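Quick caveat, the model's predicted, so the values are computed rather than measured. Position 1 is the first residue of the sequence, and the numbers go up from there. Indexing begins at 1, ligand by ligand and atom by atom, following the structure's order.
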Amino acid sequence: MSANGNNATPPSPAIAPGAEEIDTAAVARELGERWPGGVDPRIPALVPGFDAPFFQAGLAGYSDAAMRILARRHGAPFAVTEALLDRMLLGGGHGFDKADLALIAEALPVSAEDQPLAGQIIGSDPDEMAAAALKMIEQATRGDKQYRSMAYGDGPRPGGTDPRWVGARHEEGRLETCSTRSEGDCSTDGEEDCTPEALLVPENYDPRIVFHGRVVGERRPATEGTDGQVGNLPHAGGPVGKPPHAGLAFATIDVNLACPVKKIDRKQRGGHWLSEPDGAIELLKAVRAAVPERIVCTVKLRRGYDDTPEMARNFERIFNASYELGYAWATVHARTVEQKYLGPSRWTFLKDLCGRHRDKLVFGSGDVWDVHDIFKMMAYTGVTGVSVARGCIGNPWIFRQARRMIAGGAPVVPTLDEQRAVLMEHFRLSIALNGEQVGGRMMRKFAIKFARHHPDPEAVKVAMCCVSTLADWNAALAAHYPQPAGAKGG
Ligand SMILES: Cc1cc2nc3c(=O)[nH]c(=O)nc-3n(C[C@H](O)[C@H](O)[C@H](O)COP(=O)(O)O)c2cc1C
C-alpha cells in the first residue's frame with residue numbers, strides 16, 4: 001500500500017494552544033532524570049531494547065529496512081514496518097518480501113541492527129488478519145507453521161472460537177481472493193500472489209531465495225525437534241528447526257486501524273474500521289488470539305473517522321477494547337480519517353484522552369516536525385511516547401537530537417559532511433535492499449527531504465529529482481555536498 005499525494009503537505013502546527021511556551025529542554029532533561037533513557041520503564045519491560053520515548057513510525061513507501069537501519073544508527077530505539085496487507089502476506093512470494101526478515105538479511109547483512117521491530121498488518125477479515133500476523137511471527141521458525149492451517153483450512157485456529165475459516169471456504173474450493181486486483185489495490189508487487197492457488201496451496205513456497213531475479217540462497221528445510229523456542233519467541237506449535245537468521249523476528253505486531261487511503265477505506269481496511277467498531281473489535285480479538293501471548297500486540301488508531309459524536313463514541317469503544325483484549329499500547333494519530341494528512345493534528349484530543357486514561361500506555365502521532373515537537377507533545381498531552389513520522393523523512397538526526405536532549409545537552413544540527421555521509425549510507429543501503437533501479441528512484445524522494453538541511457535546498461531538490469543510477473547520485477553529491485579538499489571519494 002502506498003499513501004496518496006496528501007502526505008506532501010507542509011508542516012502545520014498542531015492544535016495545542018499554549019504549547020509554544022513549553023521549555024522543551026527542561027522537559028527532556030526532566031525525563032532523563034526520572035527514568036533511564038527518559039522512557040517509562042514499562043516500555044522496555046515489554047519490548048527489550050525500546051529504551052527511549054519515541055520511535056520511527058510506519059511510513060508506506062519510505063520506512064523500509066534501509067530507512068529503519070539509518071534511523072537506528074542515529075538513535076531510534078524502535079521502528080514499525082509500513083502497513084502490510086494481510087492477503088499479500090499470506091500469498092507469499094513478492095507479497096511477503098517486505099516482511100521476510102530472512103530475505104532482508106540476505107540483502108542487508110546489517111539487518112540484525114533492525115531490532116526491535118514492529119510488523120504492521122492491515123486488512124479486512126479477522127481470520128486473514130490473524131493468520132497473516134501469525135505468519136509474520138512464525139517466519140523465524142522452521143518446520144510446521146500453524147498459520148498454514150489457519151489460512152488454508154486444514155486445522156483449528158489457535159485460541160480462536162470462530163470456526164468460520166476452518167473448512168468452510170476451503171471445502172468450497174474457493175477462497176475469497178483479490179478479485180478486484182485490477183483496481184490496483186493489492187500493492188504494486190506480487191500480482192501473481194493474489195491468485196486463489198497462491199492462497200490455497202502454501203506448499204508452492206519456493207525454497208529458493210530470489211532477489212532481483214538472482215538466486216541468492218535457499219531457505220533451509222525443517223530439522224527435527226527443539227524446545228519450541230526461537231530466540232525469545234515461543235513457537236505456536238509443531239517442530240522447529242534452527243532458523244536461518246536466529247534472533248531476527250518481529251518484536252511486536254501492530255494492527256493498523258488508521259490508514260486513510262481511499263482504496264484502503266473502500267475495502268474496509270485501516271481507518272475504515274473506526275466507523276465500524278464491532279468489526280474492528282472482532283479483528284483485534286482474532287489477531288490477539290492468534291499471536292502467541294508473549295508477543296506484544298499494539299494498535300494504530302486515528303482520533304476518529306470524523307468529528308461526529310458517533311465516531312467519538314466508536315473511537316472510545318475501540319480504544320478501550322484494545323487494552324481489555326491485551327493490546328499493550330495504542331498509537332493515536334490525532335487527525336481524523338477524513339482529514340487524511342491535511343490540516344492540524346489535534347493534540348488537545350490526546351491531552352484529554354491521556355488525562356482520562358492515566359494508567360494506559362499511549363503513543364501520540366501527528367505534527368511532529370522537529371525534535372522540540374517530541375518533547376512538546378509529551379509535556380502537552382501526557383502521552384507515554386511519540387511516533388515520529390514525516391519529521392524523520394530525510395532527517396534521521398532527529399533521534400540523535402532527542403537522545404542528546406534527554407541527556408541534558410542541546411540538539412546539534414548535521415554538518416554538510418555528515419549530510420553527505422548519511423545520504424551515501426542511505427543510498428548504499430537502499431540499493432542493496434531494492435536494487436539500483438528501484439533504490440535509485442526511492443532515493444530521489446529521500447534526497448529532496450534531506451535537502452532541508454542544506455544551505456541551498458532548492459538547488460539540491462532540482463539536482464536530486466532525477467537521479468537514478470549510482471553515477472547520477474555521485475555527480476549530484478559531488479556538486480552539492482562537496483568533499484573537503486584531500487578527502488577520498490566514496
Ligand atoms: C507517506 C506516508 C505513509 C504512511 N504510512 C503509514 C503506514 O504504513 N502505517 C502507519 O501506521 N502510518 C502510516 N502513516 C502515518 C504516519 O505514521 C503518521 O501517523 C502521520 O504521518 C502523522 O504524523 P506526522 O503528521 O508527524 O507526519 C503514513 C504517513 C505518510 C505521510
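Taking a cutoff of 4.0 Å between a charged side-chain nitrogen and a carboxylate oxygen, D86 and R269 do not qualify as a salt bridge. Ion pairing between a basic and an acidic side chain is recognised when a charged N comes within 4.0 Å of a carboxylate O; D278 and R317 show such pairing.
Under the 3.5 Å distance criterion, with hydrogens and angles disregarded, no donor-acceptor pair is assigned to the side chains of S365 and H333.
Between the choices Q120, R302, E82, the shortest heavy-atom distance to atom 11 (O) of ligand 1 belongs to Q120. Among Q56, H333, R390, M377, the residue whose heavy atom sits closest to atom 20 (C) of ligand 1 is H333.
Between W369 and ligand 1, not a single N/O pair is under 3.5 Å apart. Considering backbone and side-chain N/O atoms, S387 never comes within less than 3.5 Å of an N/O atom of ligand 1. For a threshold of 3.5 Å applied to N or O pairs, the pair formed by G58 and ligand 1 contains at least one separation below that value.
At least one heavy atom of G366 lies less than 4.0 angstrom from ligand 1.
Contacts of N256 with ligand 1, taken as heavy-atom pairs under 4.0 Å, involve the side chain alone.
Atom CG of D254 sits about 10.5 Å away from atom CD1 of I122, to the nearest 0.5 Å.
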Hey, mind stepping through E425 and R73 against salt bridge (Lys or Arg N to Asp or Glu O under 4.0 Å) and telling me if it holds? CA-CA 11 Å; E425 192 181 354; R73 288 180 179 175; 2.8 Å; yes
Mind running salt bridge (Lys or Arg N to Asp or Glu O under 4.0 Å) on R356 and D352 for me, showing each step along the way? CA-CA 6 Å; R356 287 185 293 107; D352 171 64; 3.1 Å; yes
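For ligand 1, the atoms sitting less than 4.0 Å from at least one non-hydrogen atom of A83 are 7 (C), 8 (O), numbered in the order shown with element in parentheses. Every atom of ligand 1 with a heavy atom of A57 under 4.0 Å away is listed here by number and element: 17 (O). Near R335, meaning under 4.0 Å from any of its heavy atoms, are these atoms of ligand 1: 22 (C), 25 (O).
The neighbour count for E113 CD, taken as heavy atoms of other residues, nucleotides or ligands under 6.0 Å away, is above 12.
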